[in-house]
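Chain A is the first sequence line, chain B the second, and so forth, proteins listed ahead of strands; every chain is numbered from 1.
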There are 2 protein chains.
Amino acid sequence: MQEHYPHPEIADVQLGEVLQALSDPLRLRIVAALAQGDERGWGEFDAPVAPSTLSHHMKVLRQAGLVTHRREGTRCIVALRPDLEERFPGLLGAVLRLTPAEQGAK
Amino acid sequence: MQEHYPHPEIADVQLGEVLQALSDPLRLRIVAALAQGDERGWGEFDAPVAPSTLSHHMKVLRQAGLVTHRREGTRCIVALRPDLEERFPGLLGAVLRLTPAEQGAK
DNA sequence: GGCTTTGTTCGAAGAATATCGAATGACCAA
DNA sequence: TTGGTCATTCGATATTCTTCGAACAAAGCC
């Protein structure tokens, strides 16, 4: 882990990278789960992959500008990036409206 | 070329594949150009790649369900797939509204 | 200080993707 | 039928992505 996670400036977030990040089933599921409500702990997604793989996907989502990571004690809290809507209005809504509901399940 | 191009059934078109297809700059440019108006001839995109590479991207777009290909004499006409809006309402609009205008240039 | 929990980082292996040039095929025109 | 145009396919290469296990690091607890 690390003290502070590096997040890109919102102006540096690129549409192509956002779309590519969303094109992976697991990553889309993570984003959909976060969109259902609040932030979540890193480990609360029961992703069917090894921790190192999940960590990789989390990094992709963070670097693409989709989510934020925050340290809380020994745990990592993941949340949708709030300023994404202002950077790409309507994008996340349009995508998530179309993703099957069960993808948001815990 | 081929007599008839294979297109997926609209019901088989997957969101993830659409997003992945759109995540490539050249492919997004092609789709944006098509969205500006009418269909276009294959060669009228002045893509900065070799013909074989363009052909590859066209195939990706077609297989992802984003465009249709139609034979016309010795040429190939490319168009946005009309039933995509009904399959994923609002998706293409949301994405294209956010893509820089010059990407639609010929 | 040790131990546990929680993620990250580091290779490495395998799959997928992007790109090109060369060869090919389909159609049209002369 | 010979050639030209337009696009696809094939084979090759280089890059990127996905995935894992092993090792590591930070924070808190005993």
Side-chain angles (χ1 to χ4, degrees), chain A residues 1-8 14 16-31 33-34 39-79 106, chain B residues 1-8 14-31 33-34 39-79 103 106:
Chain A
M1 288 205 259
Q2 25 186 293
E3 179 104 24
H4 291 305
Y5 296 92
H7 295 86
Q14 299 300 310
E17 291 182 38
V18 170
L19 293 176
Q20 178 157 21
L22 291 174
S23 71
D24 181 89
L26 176 55
R27 291 194 297 251
L28 182 57
R29 204 178 87 172
I30 291 172
V31 171
L34 289 172
E39 59 193 20
R40 289 205 191 188
W42 192 97
E44 302 172 6
F45 292 95
D46 70 276
V49 292
S52 54
T53 301
L54 181 56
S55 184
H56 162 70
H57 286 299
M58 287 296 186
K59 190 176 184 178
V60 171
L61 285 173
R62 173 163 41 85
Q63 291 181 337
L66 277 159
V67 306
T68 61
H69 287 168
R70 169 169 50 88
R71 195 61 174 287
E72 198 156 284
T74 166
R75 313 203 327 168
C76 176
I77 308 296
V78 188
K106 182 197 167 184
Chain B
M1 285 203 264
Q2 26 187 288
E3 179 104 22
H4 291 303
Y5 295 93
H7 294 87
Q14 298 301 311
L15 179 60
E17 292 182 37
V18 171
L19 293 176
Q20 179 158 20
L22 291 174
S23 71
D24 181 272
L26 176 55
R27 292 194 296 252
L28 181 57
R29 205 177 87 172
I30 291 172
V31 171
L34 289 172
E39 59 192 22
R40 289 204 191 188
W42 193 97
E44 302 172 4
F45 292 95
D46 70 277
V49 292
S52 54
T53 301
L54 180 56
S55 184
H56 161 69
H57 287 298
M58 287 296 186
K59 189 177 186 178
V60 171
L61 285 172
R62 173 163 42 82
Q63 291 180 336
L66 276 159
V67 306
T68 61
H69 287 167
R70 169 169 50 89
R71 195 62 176 287
E72 199 155 285
T74 168
R75 314 203 324 165
C76 175
I77 308 297
V78 188
Q103 295 208 335
K106 181 197 169 183

Fill in: Whichever of Met58(B) and Glu72(A) has its nearest DNA chain D nucleotide further upstream toward 5'
Met58(B)

Worksheet item: Is His7(B) reaching over with its side chain to a backbone N or O of His69(B), donor-acceptor style, under 3.5 angstrom?
Response: yes

Worksheet item: What is the distance, rounded to the nearest whole Å, between atom CZ of Arg75(B) and atom C1' of dT8(D)?
Response: 17 Å

Worksheet item: Tell me, do Met58(B) and Arg27(B) make a side-chain contact under 4.5 Å, heavy atoms counted?
Response: no

Practice prompt. Measure from CD on Gln63(A) to P on dC17(D) and round the result to the nearest Å.
Written response: 11 Å

Worksheet item: Between Arg29(B) (CZ) and dA18(C) (C1'), how many Å, whole number?
Response: 16 Å

Response to the item:
Atom CG of Leu61(A) and atom P of dT18(D) are separated, to the nearest Å, by 10 Å

Fill in: Lys59(A) side chain near Tyr5(A) side chain, heavy-atom distance below 4.5 Å
no

Discussion item. Would you compute the distance between atom CG of Leu19(B) and atom CG of Leu28(A) and round it to the nearest 0.5 angstrom?
Written reply: 7.0 Å

Fill in: Aromatic Phe45(A) / basic Arg40(A) pairing, under 6.0 angstrom, 45° off normal
yes

Discussion item. Please determine whether a side-chain nitrogen or oxygen atom of Gln20(A) lies at a distance below 4.0 Å from atom OP1 or OP2 of dC17(D).
Written reply: yes

Worksheet item: In whole angstrom, what separates Arg40(A)'s CZ from dG7(C)'s C1'?
Response: 18 Å

Item to complete: Please state how far atom NZ in Lys59(A) lies from atom P in dT6(C), giving the value in whole angstrom units.
Response: 22 Å

Worksheet, complete the sentence: Here the distance between atom P of dA16(C) and atom CG of Asp24(A), to the nearest Å, is 13 Å

Item to complete: Would you please confirm or rule out a distance under 4.0 Å between OP1 or OP2 of dT8(C) and any side-chain N or O of Tyr5(A)?
Response: yes

I'd like a list of close polar pairs between nucleotides 20-23 of chain D and the protein, N/O only, cut-off under 3.5 Å.
| residue | atom | partner | partner atom | Å |
| --- | --- | --- | --- | --- |
| dC20(D) | OP2 | Ala50(A) | N | 2.8 |
| dC20(D) | OP2 | Thr53(A) | OG1 | 2.8 |
| dG21(D) | N7 | Ser52(A) | OG | 3.2 |
| dG21(D) | O6 | Ser52(A) | OG | 3.1 |

Discussion item. Would you say Thr74(A) places a side-chain N or O within less than 4.0 Å of OP1 or OP2 belonging to dT5(C)?
Written reply: no

Worksheet item: ring-ring contact (aromatic ring centres under 6.0 Å, His included) with His57(B): which residues, sequence neighbours excluded?
Response: none

Worksheet item: Would you say a side-chain N or O of Arg71(A) is under 4.0 Å from OP1 or OP2 of dT6(C)?
Response: no

Discussion item. I'd like to know whether Thr68(A) forms a side chain to side chain contact (heavy atoms under 4.5 Å, CB included) with Val78(A), so could you lay out the CA-CA distance, the side-chain angles of the two residues, the decisive distance to 0.1 Å, and finally the verdict.
Written reply: CA-CA 6 Å; Thr68(A) 61; Val78(A) 188; over 6 Å; no

Worksheet item: Are OP1 or OP2 of dG7(C) and a side-chain N or O of His56(A) less than 4.0 angstrom apart?
Response: no

Worksheet, complete the sentence: When rounded to whole Å, the CZ to C1' distance for the pair Arg62(A) and dT8(C) reads 10 Å

Discussion item. Counting only side-chain heavy atoms from C-beta out, which of dC6(D), dT19(C), dA18(C) sits nearest to Arg27(B)?
Written reply: dA18(C)

